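This report concerns only the one structure given below.
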Amino acid sequence: MTAGPSMVPVRVSTSRARSLRVERALQIFTILSFAALGWWYFSSHQHPSANGYHVLVTALGWIGTGLAVSAAALSARKRLAYQGVGRLSAWLTGHIYIGLISAAAIFFHCGLHAGPPLTALLLTFFLLTITSGVLGWFMARRIPPLLTAMEETPAIAEDLLTIRADCLRGMLELASNGSAEFRAMVQLRLMKDATSWSRMLRFYRRRSSLAEELPAFHRELDEGVAHLRESERRAFLRAAEYALRVNKMNAELLLQRLMRGWLTLHVVSTSGMFGLAAIHIFSVLYF
Amino acid sequence: MTLGPEAAYAATLQPGSFFGEMTLISGLPRNANVTTLEPSLMIEVPRRAFEEKMKKPGSFRDTMDRTYIERGLANHLRVIPEFSHFDPQILHELAKRVRLRIFAKGEVIIREGDEADSFYLIREGYVRVVKAMAGGEERTVAYLKDGSYFGESSLLRREVRNATVIAAGKVEVIQMMKEDFLALVTHETVSGHLLEKDRQRHAPVPEERSRTPLGFVGEMLERGLIKATSALVIHLDTCTRCGNCVKACAELHDGISRLTRHGMRFDAPGPGPNAPLEPLLVATSCMHCLDPECMIGCPTGAITRDVNGEVMIQDSCIGCGNCARRCPYGNISMAEVKSQEELAKQRTGAPMIGGYLKFWRTAENEPMMHEVESNNQKAVVRKIAVKCDLCHDYDNNHGCVHNCPYSAIERIDAAAYLHQIRGAE
């Protein structure tokens, strides 16, 4: 039987609201942790003693290392698509805030004293890790709205490469069917436009889509193609659309690569930091 | 027979009675529980056989149609607050006098300026309320959904219709003629409710209320999203296009992703009253519609609805592709059944170690055949229909949602979502 309201449970997702609540809690926890670490550090410096200072610095070092290792567990979670290990977004949020507390602990542990070459290198890798992480966080917030304004439908880099290859093929096909002058115009003008940085920047600056940019581009080209035969003129404008699409794909690809590129730097610097930290701990404990 | 989550008593069926016909006719989920009071012998008619019988005119179809209308009306009137206080016998009598009318999308149900002759209750679907403005321009002023009613205002005020009501999709309405309606409003409870509603509808619209995003509601209705009970929505301004959702889906479903990041784009109102519009993408993934068109005409009855109302494809799929052709959103695809080794190869980029050593064909490295037992005929298929199963095998913890690092993806019930943003009254 069926009538009126059904027995199907109503599903309104609460995942975003929940993750916002978790993030808010972690923000408060991070601020409190910063305050606690700072208070510990500065209160120890008010009553300095050789033994107390050593205990403080060593403890901060161990806390920082422990937290950094916990934050790095995100890497293991990323390799598990299966359920039962929590939401990846929760892991990432945890990674960010634990990473920040770890950075504070390590900063109080060593300050900005570079020391001997090994610790100087360790400090460099530590700063690189923090900087790349902050950069990634910033880009993950800034780039998606820009991409949304530009793209027709969301696509990953692999899709963009395929579309770009198709457009280039289409452009070259049109060129191969035309006269020598037509081919030269495609090669000299449109290929330049397809890879033009200034045109790419225009997409970013105006946050415009292809449909918005195309009429203006056609108008730009109109004068130069007035002397062509009607069929070639139409073919040239079609090739121009391909060229502009290639340029837009390049613009989107660059943004997507920026969103992935920082991760390489982050992972490499983190690995280096852990390697050097292991040597540093070993040398402190045994030498 | 009991109705609703409170298991309210509805009826006791005697030998010779039947039940379950309404969900087969409407395609909507079941909303009644039927429990045996004593050992009973029943005949189960599969969906396919029922549909075949309903295609032919005759006493079976007539009986089913008549029962559908009577039971539907009685149930509907029972759940509307204004009518719920009535004695079931009065409702039963009323059900005999009213008419069930079905309107197709875009059909005008009542027109502004016409003489008012009846009152309407929306049984299923959405309607658009349109008013003519000063310049002659027509403007949508509200959307009403099932459970709402219209047409009472002009009957109560004895005026001509003050708005045009248009079906926003397929709509089933209960039409009550003027005389029956006026006889009914003499009842204290009904008249109190209706007069209060009438007063609210004629009250000036407060500033906050006027921000109701009717354009967005209309778009959702126009594009059929309103049917979705579990649409996969991506918040484009948060999505970093990492592809984790698609990868996780493939990983959890034998290497075949059941979602693609293409589909309808909407600019949805943000959470607060002054929040900017938020671009959303309804990804190509099963929306588990309220009345799934894919279920119609499945030769083996492989598409079913589970106890939670989710639409599932069972192992008896023979790969005919009927459902994939019927789905209006293109959310069902036909996928080749793959062997375990092919799946491992797809996942890891290389076959399992044993795969390199096998130069002969054995049952183990032969592409897996999907065996189907249907009507006592054993068929072997290489393609089956696949669609989002809401990660049924993983405790309904959706892989796509769980593996998005930025919480950019979520599943929503469209009607509840609309209610949340106050788009529909």
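These numbers come from a predicted model, not from an experiment. The sequence lines fix the lettering, A, B, ..., with proteins before strands; numbering per chain opens at 1.
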Rounded to the nearest 0.5 Å, how far does [atom2] of [Y] lie from [atom1] of [X]?
X: B/R411; Y: B/L232; atom1: CZ; atom2: CG; result: 4.5 Å
X: A/L254; Y: A/L160; atom1: CG; atom2: CG; result: 11.5 Å
X: A/L253; Y: A/L258; atom1: CG; atom2: CG; result: 11.0 Å
X: A/R87; Y: B/H402; atom1: CZ; atom2: NE2; result: 4.5 Å

Is it the case that more than 12 heavy atoms not belonging to B/F18 sit under 6.0 Å from its CZ atom? yes

Give every donor-acceptor pair under 3.5 Å between a side-chain atom in residues 94-105 of chain A and any protein atom, sequence neighbours left out.
residue: A/H95; atom: ND1; partner: A/A71; partner atom: O; Å: 2.6
residue: A/Y97; atom: OH; partner: A/E23; partner atom: OE2; Å: 3.2
residue: A/Y97; atom: OH; partner: A/Q27; partner atom: NE2; Å: 3.1
residue: A/S102; atom: OG; partner: A/G64; partner atom: O; Å: 3.3

Close side-chain approach of [X] and [Y], heavy atoms under 4.5 Å:
X: B/M295; Y: B/T304; result: no
X: B/V311; Y: B/M287; result: no
X: A/L74; Y: A/L88; result: yes
X: B/F19; Y: B/L13; result: yes
X: B/L252; Y: B/C391; result: yes

Working for side-chain contact (heavy atoms from CB on, under 4.5 Å), residues A/Y242 and A/D166: CA-CA 9 Å; A/Y242 281 133; A/D166 285 346; over 6 Å; no

Residues in [range] that sit under 4.5 Å from chain B, counting heavy atoms only:
range: residues 194-216 of chain A; result: none
range: residues 137-145 of chain A; result: A/A140, A/P144, A/P145
range: residues 263-276 of chain A; result: none

With only heavy atoms counted, which part of B/L281 is less than 4.5 Å from chain A, the side chain, the backbone, both or neither? side chain

Which portion of B/C242 sits near chain A, non-hydrogen atoms under 4.5 angstrom: backbone

Any side-chain donor near an acceptor of the partner, A/N247 and A/R164, under 3.5 Å: no

Under a 4.5 Å heavy-atom cut-off, does chain B meet the side chain of A/L92, its backbone, both or neither? side chain

Apply side-chain hydrogen bond (donor to acceptor under 3.5 Å, both in side chains) to residues B/E410 and B/H235 and explain how you reach the verdict. CA-CA 8 Å; B/E410 59 185 339; B/H235 295 258; 2.6 Å; yes

Before accepting this row, confirm whether a basic side-chain N of the pair B/K247/B/E251 lies closer than 4.0 Å to the acidic partner's carboxylate O. no

Most heavy-atom pairs under 4.5 angstrom with chain A, which of B/P279, B/G243, B/C239? B/C239

